[in-house]
Amino acid sequence: MRKQTYQPAVWGLLSGYLVHTALLVCGIAALVASSPTMLMWLTAAGSIYLLWLGISTLRSCKKATFFSEPAGPSADEISHRELDATTETRSAASAGVALLPMAEQTIPARTSFFKGLLTSGTNPKALLLYVALIPQYLDASLPMPMPVQTGILGLTHFGVSIAVYFAVALAARALLRSRPLAARIVTLLSGIIMVLLSLGLMFDQFFAA
């Protein structure tokens, strides 16, 4: 987990809750929850995406690392590097070979964000939680319209989730930084959990009586 990639993923997960809030305010969430066919297709889409995400996580567990940014090089190290670079450049020029810098492979912030958004936005359990929980706290005697009350409650949950999610992310980075083995174990367990959750959703929706 690189320092610059965990924040877009967390914001993507949180944005999925905003999607559920908007659907609930518009009344679409209740319509989806009351339609078995629509809920089935939403569950299928979410399960397939979660399964793909779990398999991708399992495939990348061997390369998972949690580390802090390295400290800047000293003056001696800089001079040695410049000398080595000059020597390599001259050698390559004499051999007629062009040197190209090695590009560091990083996950684009947009990719991490949309992965998080799709994970929470297509989660039917989160949608049903909103439909079942938030209406219980609506008060018809208040002067505010029901959609406004719904939006306030949804945004309140969003604000609490910001604190919780970023606290977990920061704690995980602090505990797993510079521990490659621990990072690989956590990544492996995360992939297994996502695969099991996707299979559980499929079984619950299509095979459970």
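Computed from a predicted model, the values in this text were never measured in an experiment. Every heavy atom of this structure was used, including side-chain atoms; hydrogens, water molecules and symmetry mates were not.
Using bins of under 30°, 30° to 60° and over 60° for the plane-to-plane angle, the ring pair F158/W11 lands in the tilted bin.
One finds the OH atom of Y137 at 16.0 Å from the CD1 atom of I152 (value rounded to the nearest 0.5 Å). The line from CD of Q149 to CG of D139 is 6.0 Å long, rounded to the nearest 0.5 Å. Note: I192 CD1 to T187 OG1 = 11.0 Å, rounded to the nearest 0.5 Å. Expressed to the nearest 0.5 Å, how far CG of L51 lies from CG of L197 amounts to 11.0 Å.
M146 and M144 are members of different hydrophobic clusters when ILVMFWY side chains are connected at heavy-atom separations under 4.5 Å. Under the 4.5 Å side-chain heavy-atom criterion for ILVMFWY residues, a single connected hydrophobic cluster contains both I162 and L170.
A 4.5 Å side-chain heavy-atom check between R110 and F113 finds every atom pair outside the cut-off. Contact check for L155 versus L18: side-chain heavy atoms found under the 4.5 Å cut-off. Counting heavy atoms from C-beta outward, M194 and L58 have side chains that stay 4.5 Å or more apart.
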- Item | Step-by-step side-chain contact (heavy atoms from CB on, under 4.5 Å) determination, L138 to L153 | CA-CA 9 Å; L138 299 179; L153 291 173; 3.9 Å; yes
- Query: Does the pair T21 and H157 meet the rule for a side-chain contact (heavy atoms from CB on, under 4.5 Å), with working shown?
  - Reply: CA-CA 9 Å; T21 299; H157 177 266; over 6 Å; no
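Contact record, H20 with A126: NE2-CB, 3.7 Å, taken as the closest heavy-atom pair. Nearest heavy atom pair, residue S161 against residue L14, reads CB-CD2, 3.5 Å. Nearest approach of V10 to A169, heavy atoms of both residues: CG2-CB, 4.2 Å. What you find for P8 and A109 is that their closest heavy atoms are CB-O, 3.4 Å.
Listed by chain and residue number, T119, S120, Y165 satisfy the side-chain contact (heavy atoms from CB on, under 4.5 Å) test with L13 (two or more places apart in sequence, or in another chain).
For the side-chain contact (heavy atoms from CB on, under 4.5 Å) test with I134, the passing option among T156, T150, V25 is T150; the others fail.
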